[in-house]
Amino acid sequence: LAEKEKAVDAYKRLIEKHAQSPLRREALYALGVAYEDLKRYPEAEATYDRFLKDYANDDLAAEVRLRRGEAILQRGEVAAAEKVFAELAAIPGFASADYAVLRQAYCAAKQEQYDEAGKLYARIPNEFPRSTHVAEASLSAGRCFYRAQQYDAAVPWLERVVEISGSEAPEAAHWLCRIYLNQKAGARAVELVERVLPKAGESPYQVQLSLDQADALYSLSEWRADSV
């Protein structure tokens, strides 16, 4: 932290003492990032505001707006941050539009707007199929639709994650099990756990899946003895 504090002082000196320097733009950006790293979010936001005032048409402006949204979110102003991310996601050709949608969806979920969050998360695999956030967004879409009790909407997203069989699969399988149990489809839950649990490894949902399996077995009267 001491080195980052020194970096902050160096950036501030350059900005204040060399107002006409071509490096001032880079220094303002770097100062904002340094404040973020130090969790000094109000100062980060103020620095990004200053950048956008002085370099509104700069190539970095959209990226700075994205970072400003993160700083606002970290200050706890979730609704205000959601608005920033929504505006950025609507910019034609914005390289980080997928991430802006991801963060917009996160803000909606934080405000317990689960239906809206699910729809936003679903945009990422639908509109940005090459995004590195597809698996995370698919799981989050399923989770949010589950919390909105929109089980029919949740199932396809959760099943997609399970089929991909990545690190997100055990959590997706857990939510699917809860849906199957809610629908009195214990046999489907048992089959799912038996397929996913051996591959769960060190997943924090490994124990939860074992519990799901026991609940499913118990729900099937002819198999109750197996769950004891």
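Because only heavy atoms are used, hydrogens play no part in the values below, and waters and symmetry mates are left out as well, while side chains stay in.
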Worksheet entry | All side-chain hydrogen bond (donor to acceptor under 3.5 Å, both in side chains) counterparts of Gln20, not counting sequence neighbours |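 Per chain and number, Gln20 pairs via side-chain hydrogen bond (donor to acceptor under 3.5 Å, both in side chains) with no residue.
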Considering non-hydrogen atoms only, spot the tightest contact between [X] and [Y] and give its length.
{"X": "Cys177", "Y": "Leu192", "answer": "SG-CD2, 4.0 Å"}
{"X": "Ala44", "Y": "Ala71", "answer": "CB-CB, 4.3 Å"}
{"X": "Pro170", "Y": "Val196", "answer": "CA-CG1, 4.0 Å"}

Discussion item. Going by side-chain contact (heavy atoms from CB on, under 4.5 Å), name the residues that satisfy it together with Ile164, two or more places apart in sequence or in a different chain.
Written reply: Arg160
Worksheet item: Glu191: what forms a side-chain contact (heavy atoms from CB on, under 4.5 Å) with it, not counting sequence neighbours?
Response: Arg195
Worksheet item: Which residue pairs pass the ring pair (Phe, Tyr, Trp, His ring centres under 6.0 Å) test with at least one member in residues 2-26, sequence neighbours excluded?
Response: none
Discussion item. Taking ring pair (Phe, Tyr, Trp, His ring centres under 6.0 Å) as the cut-off, I'd like each qualifying pair that reaches into residues 185-217, sequence neighbours left out, listed once.
Written reply: His174-Tyr205
Fill in: Pair Gln111, Glu82: side-chain N/O donor-acceptor within cut-off below 3.5 Å
yes
Compile the donor-acceptor pairs under 3.5 Å between side chains in residues 149-156 and protein atoms, sequence neighbours left out, one pair per line.
unit_1: Gln150; atom_1: NE2; unit_2: Asp115; atom_2: OD1; d: 2.8

May I have the list of side-chain donor-acceptor pairs in residues 98-105 shorter than 3.5 Å, sequence neighbours left out?
unit_1: Asp98; atom_1: OD2; unit_2: Ser131; atom_2: OG; d: 2.6
unit_1: Tyr99; atom_1: OH; unit_2: Glu70; atom_2: OE2; d: 2.9
unit_1: Arg103; atom_1: NE; unit_2: Glu70; atom_2: OE2; d: 2.8
unit_1: Arg103; atom_1: NH2; unit_2: Glu70; atom_2: OE1; d: 3.2

Discussion item. Filter on salt bridge (charged side-chain N to carboxylate O under 4.0 Å, His left out), then keep only pairs touching residues 164-189, sequence neighbours left out; what's left?
Written reply: Arg143-Glu171, Glu159-Arg188, Arg178-Asp212, Arg178-Asp215
With [X] via salt bridge (charged side-chain N to carboxylate O under 4.0 Å, His left out) - residues at least two apart:
{"X": "Glu136", "value": "none"}
{"X": "Glu202", "value": "none"}
{"X": "Glu77", "value": "none"}

Output a table of donor-acceptor pairs, distance under 3.5 Å, between side-chain atoms of residues 22-33 and any protein atom two or more places apart or on a different chain; print 'none' if there are none.
unit_1: Arg24; atom_1: NH1; unit_2: Asp54; atom_2: OD2; d: 3.1
unit_1: Arg24; atom_1: NH1; unit_2: Tyr55; atom_2: OH; d: 3.1
unit_1: Arg24; atom_1: NH2; unit_2: Asp54; atom_2: OD2; d: 3.0
unit_1: Arg25; atom_1: NE; unit_2: Asp58; atom_2: OD1; d: 2.6
unit_1: Arg25; atom_1: NE; unit_2: Asp58; atom_2: OD2; d: 2.9
unit_1: Arg25; atom_1: NH2; unit_2: Asp58; atom_2: OD2; d: 3.2
unit_1: Tyr29; atom_1: OH; unit_2: Arg67; atom_2: NE; d: 3.1

